[in-house]
Amino acid sequence: MTENARETPGPPSPRTPSEPGPRPEPLRFFGTTWLAHDGGYGARRAAVGLGSLLCAAAGALVLKFAYEGIALADVGGLVNLLLVVMFALCTAMAFARTWQNFTRRPDPAAQQSVRGLLAIGFLGTLLAHAVRCLTEAPGESLVREEYEEARTRYEKRRAKGGAKPGAKGRGKTKRR
């Protein structure tokens with residue numbers, strides 16, 4: 001469960017204006033519109049997907065100019081081949097890592113260790129975002145699952161008549 005999906009009363013969620021409980025985690029570019037697919041959600045998904053594709057195209061153009069610069073330097077066929085293979089592998093690995101992170105929370109230590117690889121394979125990250133926007137907001141399934149779990153736990157506690165969040169516990173007092 002994330003910090004934003006905590007089970008304390010807070011600002012109202014889009015679905016229930018005055019009901020306390022877990023709050024949905026906002027997604028970048030989408031806020032909490034992913035919850036009910038309102039507030040221009042479809043247009044935002046299209047814009048994020050198109051923006052990712054445009055950025056990927058611009059990045060590919062920059063990489064093409066960099067490759068041409070190295071080819072003009074006449075460093076040799078092996079270096080040119082290694083450069084192409086390196087960018088292709090980093091792009092594929094960045095795509096796979098980004099795609100996995102849409103369905104599970106990444107380990108911060110592991111994420112830190114592959115930061116350079118993700119920077120080199122930025123095209124893969126951008127393409128993963130563009131492809132994911134065809135079906136949902138990137139990361140939506142993960143935060144939706146966490147939100148639904150938090151909501152279910154909250155409803156179970158509420159149905160049991162358990163302690164209300166923020167209320168002081170009533171228990172046996174200590175004798176002195």
Side-chain angles (χ1 to χ4, degrees), residues 1-56 59 93-119 121-176:
M1 180 171 59
T2 64
E3 182 180 319
N4 289 335
R6 57 186 165 265
E7 299 176 18
T8 58
S13 66
R15 203 183 279 172
T16 53
S18 62
E19 188 175 324
R23 291 178 277 173
E25 179 180 348
L27 291 174
R28 182 180 293 163
F29 304 121
F30 295 93
T32 56
T33 60
W34 60 266
L35 189 60
H37 293 189
D38 60 352
Y41 171 81
R44 288 179 191 211
R45 247 182 53 203
V48 168
L50 185 61
S52 293
L53 281 177
L54 290 175
C55 288
M93 290 167 61
F95 182 93
R97 173 71 66 145
T98 303
W99 195 264
Q100 287 175 349
N101 290 346
F102 290 145
T103 57
R104 64 173 170 76
R105 292 276 172 194
D107 177 31
Q111 195 72 6
Q112 183 67 23
S113 68
V114 295
R115 198 170 79 181
L117 178 129
L118 294 175
F122 68 97
L123 290 178
T125 301
L126 291 169
L127 292 174
H129 279 275
V131 171
R132 192 60 165 210
C133 282
L134 295 174
T135 58
E136 67 178 12
E140 178 183 342
S141 60
L142 175 65
V143 294
R144 183 176 298 282
E145 179 181 312
E146 290 173 347
Y147 176 70
E148 294 299 329
E149 284 176 13
R151 196 88 188 134
T152 303
R153 282 193 311 272
Y154 176 78
E155 293 299 328
K156 281 182 183 178
R157 271 200 338 258
R158 194 168 166 202
K160 283 183 182 177
K164 294 182 174 78
K168 295 189 178 191
R170 295 183 193 187
K172 294 183 180 181
T173 59
K174 291 184 178 179
R175 285 190 191 179
R176 293 188 182 200

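For the pair Val143 and Arg105, the minimum side-chain heavy-atom distance is below 4.5 Å. Inter-residue side-chain proximity for Tyr154 and Pro20 is flagged as met; some heavy-atom pair is nearer than 4.5 Å. At a threshold of 4.5 Å between non-hydrogen side-chain atoms, the residues Pro24 and Trp34 count as touching.
Pro22 and Arg151 get closest at one heavy-atom pair: CD-NH1, 3.4 Å. Heavy atoms only, all atoms of each residue included: Gly139 and Phe102 are closest at N-CD2, 3.5 Å.
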Worked verdict on Thr103 versus Leu142 for side-chain contact (heavy atoms from CB on, under 4.5 Å): CA-CA 5 Å; Thr103 57; Leu142 175 65; 5.8 Å; no
side-chain contact (heavy atoms from CB on, under 4.5 Å) assessment of Lys156 paired with Arg153: CA-CA 5 Å; Lys156 281 182 183 178; Arg153 282 193 311 272; 5.7 Å; no
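Judged as a ring pair (Phe, Tyr, Trp, His ring centres under 6.0 Å), and not counting sequence neighbours, the contacts of Phe30 are Tyr41. Considering only residues two or more places apart in sequence or on other chains, Gln111 meets the side-chain contact (heavy atoms from CB on, under 4.5 Å) condition with Arg97, Asn101, Pro106, Leu118. Partners of Thr125 by side-chain hydrogen bond (donor to acceptor under 3.5 Å, both in side chains), not counting sequence neighbours, listed by chain and number: Thr98. Qualifying side-chain hydrogen bond (donor to acceptor under 3.5 Å, both in side chains) partners for Arg28, counting only residues two or more places apart in sequence or in other chains: none.
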Show me the donor-acceptor pairs, under 3.5 Å and distance only, between side chains in residues 126-137 and residues at least two apart or in other chains.
{"residue": "Arg132", "atom": "NE", "partner": "Glu136", "partner atom": "OE2", "Å": "3.0"}
{"residue": "Arg132", "atom": "NH2", "partner": "Glu136", "partner atom": "OE2", "Å": "3.0"}
{"residue": "Arg132", "atom": "NH2", "partner": "Ser141", "partner atom": "OG", "Å": "3.4"}
{"residue": "Thr135", "atom": "OG1", "partner": "Arg132", "partner atom": "O", "Å": "3.2"}
{"residue": "Glu136", "atom": "OE2", "partner": "Ser141", "partner atom": "N", "Å": "3.4"}
{"residue": "Glu136", "atom": "OE2", "partner": "Ser141", "partner atom": "OG", "Å": "3.3"}

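With rounding to the nearest 0.5 Å, the separation of CD in Glu140 from NE2 in His37 is 3.5 Å.
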